[in-house]
Amino acid sequence: MPNRFTQCLTGSTGVLGVIGDPIGHSLSPAMHNAALQALGKDYVYVPFSVSALHVQEAMAGMRALGIKGLNVTIPHKVAVADYLDEIDPVAQLIGAVNTISNQTGRLVGYNTDGYGFLRSLKEEAGCDPKGLRVMIIGAGGAARAIGFQLALSKARALVVSNRTESRAVALAAEIHKQTGCSAIGIGFRELNSYLLSTDILVNTTSLGMYPEVATIPPLEIEHLPQTALICDIVYNPNKTLLIQKAAASGRATLPGLGMLAYQGAAALEIWLQVKAPVDVMKTALQRQLSAALDI
Ligand code: ATR
């Protein structure tokens with residue numbers, strides 16, 4: 001049966017995509033194909049299920065097939081770096097790649113996760129982190145990307161708070177060493193005592209994510225200044241319990257969908273040198289998320 005793609009694919013259609021495992025629930029194909037259609041670009045964006053055993057072959061395949069760009073998701077963001085020709089300095093600092101651009105056979109790796117958060121912060125919350133004190137909850141891959149990006153954006157100080165305190169301490173030490181930004185790592189036990197001196201709080205853990213929607217990071221929102229901005233990178237649901245409680249307390253909030261859209265927008269801009277239609281991408285994400293919840 002013909003679908004809209006079989007009617008519009010041509011001999012010159014370019015290919016973009018995402019590799020990961022699992023990949024079946026990725027929202028990126030819907031977001032990027034909506035953007036490509038809105039831009040009138042002769043490209044298609046395809047999900048590729050690639051196991052950890054086949055990352056090297058996937059990179060060789062990208063070269064051989066002339067795939068113009070790939071996003072990289074769990075669990076390949078670190079492993080893929082070994083097979084690239086060049087890695088952008090920000091991705092090197094973060095130690096992970098989420099975007100690969102095929103520049104006439106030369107594979108260049110980038111990381112747009114932290115940049116996506118920064119653009120969401122600036123454009124959706126009207127907040128420039130320069131000179132501000134940030135608390136990051138979590139110390140995994142997302143915390144690394146956001147922490148380094150905020151340090152590079154001249155945040156005044158970072159507090160990394162994590163369930164496993166040693167990971168928070170290690171990440172904060174690395175950010176401080178590499179960027180000079182003041183950074184400390186603490187466990188959840190000490191978290192509340194740092195809230196009074198926090199301007200921006202970012203949850204990077206999966207607490208609050210579907211189906212565990214009743215979970216929330218262990219913090220007393222009332223200890224934050226009334227002017228603090230509370231951000232969550234969880235986008236399913238977009239209004240997590242943390243975002244709901246922060247909003248009910250009268251504080252400004254930033255949900256996670258924007259970061260997802262802007263990291264995708266940044267990838268599209270790297271691949272095609274165009275201005276990405278961020279609103280179209282957000283609408284596609286929202287549509288896809290509501291459809292997933294209806295199942
Ligand atoms: P990601 O790349 O999405 O950041 P990750 O690298 O697996 O994923 O990191 C997950 C983060 O969420 C970690 O900070 C983890 O805390 P630990 O280092 O203590 O494991 C945090 N996390 C996940 N589930 C959690 C839970 N139930 N309570 C508290 N923190 C949790």
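Sequence positions, counted from 1, serve as the residue numbers for this chain. Counting starts at 1 for both ligands and their atoms, following the listed order.
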Distance-only donor-acceptor pairs under 3.5 Å for side chains of residues 155-165, two or more places apart:
| unit_1 | atom_1 | unit_2 | atom_2 | d |
| --- | --- | --- | --- | --- |
| Arg156 | NE | Gly131 | O | 3.3 |
| Asn162 | OD1 | Ala139 | N | 3.3 |
| Asn162 | ND2 | Thr164 | O | 3.1 |

Query raised in the report: Below 4.0 angstrom, N of the basic side chain to O of the carboxylate: do Asp128 and Lys154 qualify?
Result: no

Query raised in the report: What residues, two or more places apart in sequence or in another chain, satisfy ring pair (Phe, Tyr, Trp, His ring centres under 6.0 Å) together with His32?
Result: Tyr45, Trp271

Report summary line: At a 4.0 angstrom heavy-atom cut-off, ligand 1 is contacted by Gly138, Ala139, Gly140, Gly141, Ala142, Asn162, Arg163, Thr164, Arg167, Phe188, Thr205, Ser206, Leu207

Requested in this report: Taking only Lys NZ, Arg NE, NH1 and NH2, and the carboxylate oxygens of Asp or Glu, determine whether Glu174 and Arg144 approach each other closer than 4.0 Å.
Outcome: yes

**Report entry** Side-chain heavy-atom pair Cys231, Asn203 within 4.5 angstrom cut-off
**Finding:** no

Output a table of donor-acceptor pairs, distance under 3.5 Å, between side-chain atoms of residues 218-230 and any protein atom two or more places apart or on a different chain; print 'none' if there are none.
| unit_1 | atom_1 | unit_2 | atom_2 | d |
| --- | --- | --- | --- | --- |
| Gln226 | OE1 | Arg251 | NH2 | 3.4 |
| Gln226 | NE2 | Ser249 | O | 2.9 |

